[in-house]
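Structure first, commentary second.
Start at 1 and go down the list; that is how both ligands and their atoms are numbered. Predicted model only: the values in this text are computed from it and were never measured.
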Amino acid sequence: MWRAEVFTLFPDMFPGPLGGSLAGEALQRGLWQLAAHDIRDQGIGRHRAVDDTPTGGGPGMVMRADVLAASLDAVLQKDDSRPRLVMSPRGRPLTQARVRGLADSGGVIIVCGRFEGIDERVIAARGLEEVSIGDYVLSGGELAAMVLIDACVRLLPGVMGKEASGTDESFENGLLEYPHYTKPRAFEGREIPAVLLSGDHAKIEAWRRAEALRITQERRPELLAKAVDEEAKKR
Ligand code: ADE
């Protein structure tokens, strides 16, 4: 079963929002598992220290390599082949393609950073891969880990039902999604586009495709360029 193993200084933050809504329901139904491990359990001395000042000087504190390694080693089997991720604004940006890959693996191991950073040596020594959820800085990796887990869980078999098939969904075809409408037909003087009421499915399909292209061009031109490239490669 797909299982997320989270290493954090704030295990009480979990499941947090993952305990509600779609992911929470699936967790209750036993479709996936979540464990949050307190890195401080392996902390050093009476105060269970997990961090120290940056060697070479500078602001903030750095998570110790020995403490984090001990925390991982205390929980994980040597042959655990799940991807080992560290949430960090310095990481490779998370994409829907990566999320699909992670949902297809046996689960994920996620280290949540706090402080200024994590001693580089434990990242190398335990084969951790840094992943970012966007170009902004959170106060820790916990929320980022939840974002990643939520994105994976909704793709697991049985979690979403029919909607999950959604190849129309944003990013699934490299484009942002087309606009949606429902009743009433007129809202504050704004009408639903006539084509959607025509019953002509080919026309509707074409309109949606054109709208997806227009919106992607407007908001994310770099995505459109990539989608066009991929299409060309397929041919
Ligand atoms: N930790 C702090 N900021 C982050 C970000 N943008 N992505 C992932 N982890 C983070």
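- Contacts of Ser88 with ligand 1, taken as heavy-atom pairs under 4.0 Å, involve the backbone alone.
- Using a 4.5 Å cut-off on side-chain heavy atoms (C-beta onward), Leu223 and Thr216 make contact.
- Those atoms of ligand 1 that come under 4.0 Å of a heavy atom in Gly134, given as number and element, are 6 (N).
- The atoms of ligand 1 that sit less than 4.0 Å from any heavy atom of Ala144 are 8 (C), 9 (N).
- A salt bridge links Glu5 with Arg82; the closest basic N to acidic carboxylate O contact falls under 4.0 Å.
- Salt bridge absent: Asp38 and Arg40 never bring a charged side-chain N and a carboxylate O closer than 4.0 Å.
- At a threshold of 4.0 Å, the pair Glu177-Arg214 does not count as salt-bridged, since none of the basic side-chain nitrogens sits closer than that to a carboxylate oxygen.
- Taking 4.0 Å as the cut-off between side-chain N and carboxylate O, Lys203 and Glu205 do not count as a salt-bridged pair.
- Regarding atom 6 (N) of ligand 1, its nearest protein heavy-atom neighbour is Tyr136 O, 2.8 Å.
- Using 4.0 Å as the threshold, Gly140 has a heavy atom nearer than that to some atom of ligand 1.
- The closest protein non-hydrogen atom to atom 10 (C) of ligand 1 is Pro89 CD, 3.6 Å.
- Under a 4.0 Å heavy-atom criterion, Gly113 is not in contact with ligand 1.
- Residue-level proximity to ligand 1 for Ser132 is carried by backbone and side chain together, each with a heavy atom below 4.0 angstrom.
- Arg64 pairs in a side-chain contact (heavy atoms from CB on, under 4.5 Å) with only one of the listed residues (Val50, Asp52, Ile118), which is Asp52.
- Glu130 and Arg84 are not joined by a salt bridge, as no carboxylate oxygen comes within less than 4.0 angstrom of a charged side-chain nitrogen.
- Between Val131 and ligand 1, not a single N/O pair is under 3.5 Å apart.
- Atom 3 (N) of ligand 1 has as its closest protein heavy atom Leu138 N, 3.0 Å.
- Looking only at side-chain heavy atoms (C-beta outward), Tyr178 and Ile215 stay at 4.5 Å or farther from each other.
- Using a 4.0 Å cut-off between heavy atoms, Asp135 makes no contact with ligand 1 at all.
- Ligand 1 places these atoms under 4.0 Å from at least one heavy atom of Ile133: 7 (N), 8 (C).
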